[in-house]
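Input: a single structure, listed below in C-alpha cells.
In listed order, ligands and their atoms are each counted from 1. Just so it is clear, the values below take in all heavy atoms, side chains as well, and ignore hydrogens, waters and symmetry mates.
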Amino acid sequence: MTQPPADPLRVLVVGHTAELGGAELALVRLCAALDEGLDVRVVLLADGPLVDRLAGVGIPVTVLPADPDLVTASRGSVVGVSWRQVRRLRATVRAVAALREAIRTTRPDVVHTTTLKAHVLGLAAARLSGVPVVWQLHDRIAPDYLPVPVVGALRRLARRGPQAVLANSMATATTLPGVRDLTVAYPGFAPEQALAEPPQHPPGPAVVGLVGRLSPTKGQLELVRAAPDVLARHPDTLFRCIGAPAFGAEDYARVVDAEAGRLGVADRVELAGFVADPAAALDALTVCVHASPVPEPFGQVVVEAMVRGVPVVATDAGGVAEILRDGDGQLGRLVPPGDPEALAAAIVAVLDDVPAARAVARRAHTSALERFDVATTALTVSAVWRRTAGRRRVPART
Ligand code: GLC
C-alpha cells in the first residue's frame, strides 16, 4: 500500500499467531490489495515469519508477546479445568489488557480479528474500548472441527459479539446460524500467483501432488493409501507431498512415512517438505490432489492450482466443493472424503486421459480468475469495515 490519505479509515487487525498458515497468507494477500483510503495496522500475540511478510506489503506490525502456551494451545485442549487452564486464564487477561492498550494508542475505527483466539481476545478488548469488531472466520465452527463446548460458545459469541462477521466460504458461513450481519469473502489469489494462459502439460512421468502443511486434516495419509491402486495402473507415477509439518504435527509425518513403507510405495512417495515457491511446485504437477478427510473451510491451494491450469482431484466437502463447482459445471474431480479407493479411481481417470483433464483445468482456470481475484476480496472486506465503522467513528488521530 502507498501512503494513506489524511483521514483514512483506521483498522486494527488482531491475530494470535505469526506462523504462516492459510489464514495468515490470506491476510498478507488481502493487505496487499487494499485501497489507499485505509490505514491498516496489525497486532500479533507472537513473533514469527508473518511479521516480515506483512512489513513487505507495507503494513506496520506490533508484536505483543503473550504466554506461548496461550498462543499454541490446540483447538482441542481448551476445555476442562486444570492448573494449566488457570494459567491460561491469567495469560488471557493479560493479553486482553495488552490489546486494550494497543486500541487506546492506535484508536482504530474497527478491530478486525482473524483467528479463533483473536476473535475471543480481540472482541473482549474492543468491547471494553467501545470499538466495533469484525470477525473474519477462516474456520468452520462445527463439531467435526472443534470440541462441542467450544462450538456452542463461539456460535453464541458470534451472534452477540461482533458487529459483522466475514466467512471464507458459504460452507463456513452455514456453521454460524443466527448471525445477522454475515458476508462471504472468499480469500483471493494474488496477481503474481496466476498464469494468464494455462501451460502445456509438463513432460516426463506423472506427478501427483498434495500441497499443504502435513496434518491429519489435510489427508496426506489418504493419498499414500490411494497410491498402490494408482501405481497398479500407472507404475511410473510419483506422489509428492509438499509442505512442512506445522502446528505440532511432526508425529503425523512419521505416520505417513511408515504407511508408505508398509504399503511398499515408499520409493514412489516423496515428502518434499517446505518449498519457497509453491507456484513452481504446482507447475510441476500432472494433478493436484486435495484430500482433506474433514470438510476444509475454504481450500486456497485448490484455487492456486486452478490459476496455474493444473487439474484438480479433491474431496467433495466444505469450501472446496464450492470452489470446484461453478453454476452447473464441475471444474475438477470430486470424491467422498476419507475414501482412498475413490481417490485412487479419480487420479487414475485423470492419468488415463491427461488432455481431457487439462481441458477441464482450462475451464477451471477461467472460472477461478473471475471468481477468486483478491481485488474482489479487498472490496468486500473494506465495504464491511466501512459499514461497520459507520456505526461509530472516533475523531481523527492527531
Ligand atoms: C484456513 C482454512 C483454509 C482456508 C484458509 C484461508 O487455513 O483452514 O481452508 O483456505 O484459512 O481462508
Is there a heavy atom in Tyr145 that sits closer than 4.0 Å to ligand 1? yes
Heavy-atom gap Gly21 to ligand 1 smaller than 4.0 Å: no
Any luck finding a side-chain donor-acceptor pair between [X] and [Y] under 3.5 Å?
| X | Y | value |
| --- | --- | --- |
| Gln300 | Arg29 | yes |
| Thr175 | Thr172 | no |
| Tyr186 | Asn168 | no |

Is Arg308 salt-bridged to Asp283, going by a charged N under 4.0 Å from an acidic O? yes
Examine the proximity of ligand 1 to Pro297 and report which part, side chain or backbone, both or neither, has a heavy atom under 4.0 Å away. both
Check whether any N or O atom of [X], backbone or side chain, sits under 3.5 Å from an N or O atom of ligand 1, and answer yes or no.
| X | answer |
| --- | --- |
| Lys218 | no |
| Asn168 | yes |
| Gly299 | yes |

Taking the side chain as C-beta and beyond, is there a heavy-atom pair between Arg41 and Arg10 under 4.5 Å? no
Of the listed options (His138, Glu296, Glu24), which comes nearest to atom 3 (C) of ligand 1 when hydrogens are ignored and any heavy atom counts? Glu296
Can you confirm if the aromatic rings of Phe372 and Phe189 lie within a centre distance of less than 6.0 Å? no
Contacting atoms of ligand 1, where contact means under 4.0 angstrom from a heavy atom of Pro187: 6 (C), 12 (O)
